[in-house]
Amino acid sequence: MPLSWNEIRHNAIAFARDWAGATSESAEKQTFWNEFFEVFGVRRRIVAAFEEPVRTISGTYGRIDLFWSGMLLVEHKSRGESLGKAESQAFRYVQDLVREGRHDEVPRYVIVSDFSRIALHDLEPEEQKKLPLFDHFRVQSIEFPLGELHKNIHQFAFIPGYKQHKFEDQDPINLRAVGYMDGLHDALEAGGYSGHELERFLVRVLFCLFAEDTGIFERDAFRLYIDERTKPDGSDLGPQLARLFEVLNTPPENRQKNLDETLAAFPYVNGDLFSERLGFADFNREMHLALVTCTRFDWSSISPAIFGSLFQGVMENRQRRQIGAHYTSERDILKLIRPLFLDDLRTEFERVKGNKNQLRNFHQKLASLRFLDPACGCGNFLVVAYRELRTLETEVLEALHSGQKQLDIRNMSLVDVDAFCGIEIGEWPARIAEVAMWLMDHQMNLRLSELFGQYFVRLPLRKSPKIVLGNALRLNWNDVLPADQCSYVLGNPPFVGKQFANAEQKTDMRLVWGDVKGAGVLDYVTAWYLKAAEYIRGSQIVVAFVSTNSVSQGEQAGILWGELFTRYRLKIHFAHRTFSWESEARGKAHVHVVIIGFAAFDTPRKTIFDYDEDGEKGTASSARNISPYLVEGDDIVILSRSEHICGAPEIVFGNMPNDGGHLLLTDDEKAELLGKEPDARRFIRPFLGSQEFINGERRWCLWLQDASADEVRKMPEIRSRVEAVREHRRNSKRQTTRELADTPTLFGEIRQPDSRYLLIPSVSSENRRYIPMAFMPKAVIGSNLVLFVPNATPYHFGVLSSKMHMAWVRHVGGRLKSDLRYSNRLVYNNFPWPQDPSEKHKAAVAAAARTVLDARKELLRTGCNLADLYDPLAMPPILVKAHAALDREVDRCYRREPFATDRHRVEFLFTLYEKLTTPLIAGKNKRR
């Protein structure tokens with residue numbers, strides 16, 4: 001009885017392992033080829049002979065290493081010799097056979113090898129016999145290491161005599177293949193096949209596509225089934241697929257005896273993937289073609305770690321679809337799992353691998369670990385974590401059993417997919433996550449097979465990852481994985497800013513955060529932090545989440561970590577500071593993120609990871625303690641305060657018009673107004689918001705604080721604008737705005753200084769090294785998008801325009817999208833100014849500040865604006881030099897030693913902040 005392909009694959013793995021160290025003896029070559037034929041269940045001596053003589057063109061005789069008349073010629077060289085030379089010699093032997101008139105003996109296949117590599121050439125003799133002396137060969141060739149023989153066994157189907165299906169060249173899986181699946185989904189849905197059944201159906205199809213290219217099914221089994229058992233018009237494709245799915249869920253002993261042999265060849269899969277009966281999907285010709293086209297791609301080239309991410313957009317509406325837009329690279333996933341558990345496990349492995357008893361205990365420890373991803377999506381984090389754990393287990397097994405014979409590897413691996421749990425709100429990604437875990441399990445089993453020379457496949461699937469369909473913020477995580485069984489929680493909760501949350505997500509936030517003060521400003525992701533804190537309370541579980549960097553900046557950091565520190569006593573164990581989390585798929589979505597690892601217990605080893613601008617190169621440093629702002633420091637949070645902590649000049653918001661735009665003017669509107677109302681000139685003032693200030697844009701406002709009622713009445717154009725303001729305010733839904741209708745000539749909120757002031761834009765690009773600031777005359781009206789420091793001096797300008805202050809802004813300030821957002825109550829009022837600097841140091845800062853202002857003044861005269869001057873790629877050298885000198889002088893006001901990096905500046909500032917605020921907090925508590 002001929003061997004099955006799985007048996008052949010098992011033999012190929014063992015053969016490659018046994019011959020891994022072969023050399024060059026003639027007898028060894030013959031043994032090699034005897035055993036090579038036995039891989040396919042064929043006795044070599046029955047079909048082929050060694051040392052076949054053939055007359056050469058010179059009249060002498062050569063010896064073909066192995067010859068199977070009309071089928072195969074083998075030329076074998078010593079290890080390390082050129083296969084090119086062996087190939088040339090083999091082809092000369094083919095020509096010699098033709099020259100001798102032995103046409104019927106000309107082989108179709110040529111194999112050359114040096115023990116370590118094998119090359120197979122298909123000569124297609126039926127076409128080449130027409131060529132007189134084989135001057136040209138039309139050869140199809142493959143070459144691979146001996147260790148990959150099990151991956152290429154179908155190329156040698158001629159040896160056991162199997163029908164040689166022409167395996168078509170397959171394109172690597174790509175977005176075009178995903179597009180066909182995308183179109184297939186849309187067509188099925190348009191035909192009325194939708195919802196749960198459609199999602200289950202497509203997941204099964206994806207499994208089959210992957211299975212036939214990775215050895216779970218026989219090569220091309222799914223494609224041939226569709227080609228040979230279904231009609232091109234698609235009329236019977238749905239029922240035939242349903243029949244296949246039923247077979248995949250039926251053990252061989254329970255299958256009908258007269259089952260179609262093509263179906264009978266499929267293995268029993270189980271694993272609940274095919275257990276549910278689905279309704280028939282109705283196909284047409286185009287849909288049949290789409291599925292057939294999908295089988296033409298090589299699905300084995302796709303990593304299960306990104307398997308689901310490619311398809312997570314399939315179930316979305318077309319107008320919102322962007323395949324792979326949220327794909328998480330394996331590189332970035334490893335940034336999380338290495339410090340979470342992998343680095344410690346590898347360190348322990350290195351320590352115990354020389355002791356078999358300790359190593360066995362370590363293996364049991366690996367098998368006992370349990371993981372939960374409470375926002376698992378398509379399972380990327382679980383899949384990569386499983387792969388790394390299985391890789392480590394494989395190294396453990398190699399150390400335990402190296403050199404041993406007669407091993408049963410089916411019972412050696414103790415780590416399985418049921419150790420991994422997830423929660424996902426969408427059914428499609430949840431089902432994809434399950435399949436991706438099984439596919440990764442299969443790949444890891446193949447690695448184990450290659451290592452020990454035995455073919456190992458876990459079929460039928462007896463264990464499954466536990467992926468629960470539901471809202472993680474409303475489920476009890478203990479119902480998914482009891483906390484006393486859990487080892488690690490990990491994942492990438494949704495990146496949804498508070499302003500983009502939908503009604504259901506806002507309800508989730510209220511349910512999780514309850515009446516916690518200030519929770520209304522928090523992003524959606526923070527709910528996972530609070531749920532995790534509840535889950536891990538009193539345990540040794542370690543959690544690591546990828547989050548937008550809002551959780552470690554601005555107002556959110558104080559509210560979130562204030563609650564986590566005080567109520568749950570959490571400690572941050574490691575942190576990756578801000579880097580760009582970049583999609584590698586279409587759309588190139590950039591999100592600035594952090595990774596924070598935390599637990600309900602302390603650890604003496606804490607690590608902070610810093611990155612360069614592109615997020616590629618990182619450095620790790622130990623920390624005594626990690627603050628919520630992800631720098632070394634105590635567990636303190638910074639909250640909004642109405643007064644400055646160390647007596648700096650007062651800062652106030654700008655003026656809010658609240659006028660419906662009727663008191664504001666463009667250049668053209670100003671010119672038109674003055675053409676009709678020349679007397680209005682003394683009431684028109686320059687009007688600056690952040691955008692106008694930074695980009696040099698001109699805008700104006702009607703400033704009618706000093707205008708009498710009589711003057712307003714005499715200017716009809718102004719009067720009509722004032723009436724429009726009154727109407728706008730009267731129609732407002734806000735009571736306070738309606739009350740402002742009584743004073744329509746005035747801005748809604750007025751805070752204009754009566755002397756020169758320092759203007760600070762409330763929003764500035766994160767790419768600028770410094771936030772541009774400037775002194776303004778009192779006649780320039782600032783909008784509510786800027787802030788004023790009325791009594792500022794050049795010394796104050798210098799400190800606020802320094803790297804020291806910018807480091808504070810970047811860590812403590814909030815963000816508007818990715819732009820820096822400057823706040824009076826959070827950033828400015830909490831900023832620790834230099835303590836008791838000498839007059840000499842203050843004068844040096846003031847002088848350096850004037851140099852910056854003078855350099856800017858000259859550059860602005862050339863037609864540039866502040867956006868041009870502070871462009872990080874085009875900042876003029878004279879301004880760069882002036883700011884560098886200012887930075888040095890400001891640093892000296894804090895301490896003698898220079899600061900190496902902004903991180904060191906921030907750590908110093910947080911220490912100073914704690915020193916300055918401890919008496920304030922103690923005094924406040926005493927009064928209470």
Side-chain angles (χ1 to χ4, degrees), residues 304-306 308-309 326-346 366 368-392 415 417-425 429-430 433-434 436-437 440 465-468 472-473 475 477-478 480-483 485-495 525-536 539-548 551-552 564 570-576 579 581 591 593-601 603 607 609:
I306 65 165
S309 296
H326 303 289
Y327 164 62
T328 304
S329 70
E330 294 186 40
R331 177 203 70 179
D332 287 340
I333 294 174
L334 288 169
K335 287 178 182 176
L336 183 148
I337 67 174
R338 281 175 176 157
L340 178 62
F341 67 90
L342 190 59
D343 289 345
D344 286 345
L345 290 177
R346 287 207 160 275
L366 295 184
S368 70
L369 298 177
R370 296 293 180 268
F371 299 80
L372 172 64
D373 183 345
C376 71
C378 293
N380 296 6
F381 282 78
L382 295 176
V383 171
V384 174
Y386 181 64
R387 181 192 69 194
E388 295 302 311
L389 201 64
R390 282 292 304 273
T391 299
L392 179 56
V415 178
V417 294
D418 62 337
F420 291 77
C421 304
I423 305 173
E424 170 53 37
I425 198 168
E434 290 175 342
M437 287 292 287
M440 179 56 76
K466 186 176 182 180
I467 309 298
V468 174
L473 300 182
L475 290 176
W477 295 4
N478 281 282
V480 180
L481 178 63
Q485 299 177 20
C486 183
S487 310
Y488 302 99
V489 176
L490 70 165
N492 178 12
F495 295 165
V525 67
T526 60
W528 271 263
Y529 279 80
L530 199 66
K531 287 282 287 187
E534 291 275 5
Y535 180 66
I536 68 175
S539 75
Q540 293 295 300
I541 302 170
V542 185
V543 183
F545 286 147
V546 180
S547 315
T548 48
V551 300
S552 61
L564 297 182
L570 297 189
K571 298 295 291 186
I572 298 177
H573 287 197
F574 65 88
H576 291 260
F579 64 96
W581 184 270
V591 183
V593 301
V594 294
I595 299 173
I596 303 177
F598 58 93
F601 62 92
T603 178
T607 307
F609 299 86

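- Here the side chains of Leu564 and Tyr529 are in contact, with some heavy-atom distance below 4.5 Å.
- Looking only at side-chain heavy atoms (C-beta outward), Arg370 and Ile541 stay at 4.5 Å or farther from each other.
- Judged by distance alone, with hydrogens and angles left aside, the side-chain atoms of His573 form no donor-acceptor pair with the main-chain N or O of Val543 at under 3.5 Å.
- The backbone N or O of Phe495 sits nowhere less than 3.5 Å from a side-chain atom of Thr548 that would complete a donor-acceptor pair.
- Residues Leu382 and Ile467 have side chains in contact (heavy-atom distance under 4.5 Å, counting atoms from C-beta outward).
- One distance of note links CZ of Arg338 with OG1 of Thr607; it measures 14.0 Å at 0.5 Å rounding.
- Closest heavy-atom contact between Leu334 and Pro339: O-CD, 4.2 Å.
- Rounding to the nearest 0.5 angstrom, the gap separating the CG atom in Leu372 from the CD atom in Gln485 is 11.5 Å.
- Side-chain atoms of Ile596 and Phe574, non-hydrogen and from C-beta on, never get closer than 4.5 Å to each other.
- In this structure, Phe545 and Phe598 have perpendicular ring planes: the angle between them is above 60°, well past the 30° mark.
- Using a 4.5 Å heavy-atom cutoff, the side chains of Pro374 and Trp477 are in contact.
- Of all the heavy atoms in Ala472 and Lys531, the pair that sits closest is O-CE, 3.4 Å.
- Panel note: side chain Glu424, backbone Gly377; a donor-acceptor pair is recorded below 3.5 Å.
- Between Tyr386 and Phe420, the ring planes are perpendicular. Angles over 60° get that label, and only those under 30° would be called parallel.
- When all heavy atoms of Asp373 and Gly491 are compared, the closest pair comes out as OD1-CA, 3.6 Å.
- Counting heavy atoms from C-beta on, the side chains of Leu336 and Asn492 never come closer than 4.5 Å.
- The shortest non-hydrogen separation linking Cys486 to Tyr535 is CB-OH, 3.4 Å.
- Across Leu481 and Phe371, no two heavy atoms sit closer than the pair CD2-O, 3.9 Å.
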Report task. Decide yes or no on salt bridge (Lys or Arg N to Asp or Glu O under 4.0 Å) for Arg387 and Glu330, but give the supporting numbers first. Result -> CA-CA 11 Å; Arg387 181 192 69 194; Glu330 294 186 40; 2.4 Å; yes
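- A salt bridge links Lys335 with Asp332: the closest approach of a Lys/Arg side-chain nitrogen to an acidic carboxylate oxygen falls below 4.0 angstrom.
- The two residues Ser552 and Val594 make their nearest non-hydrogen contact at OG-CG1, 3.9 Å.
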Report task. Report the C-alpha separation of Leu392 and Arg346 in whole Å, then their side-chain angles, then the decisive distance to 0.1 Å, and conclude whether the side-chain contact (heavy atoms from CB on, under 4.5 Å) test is met. Result -> CA-CA 7 Å; Leu392 179 56; Arg346 287 207 160 275; 3.6 Å; yes
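- Using a 4.5 Å heavy-atom threshold, the side chains of Leu389 and Leu345 count as touching.
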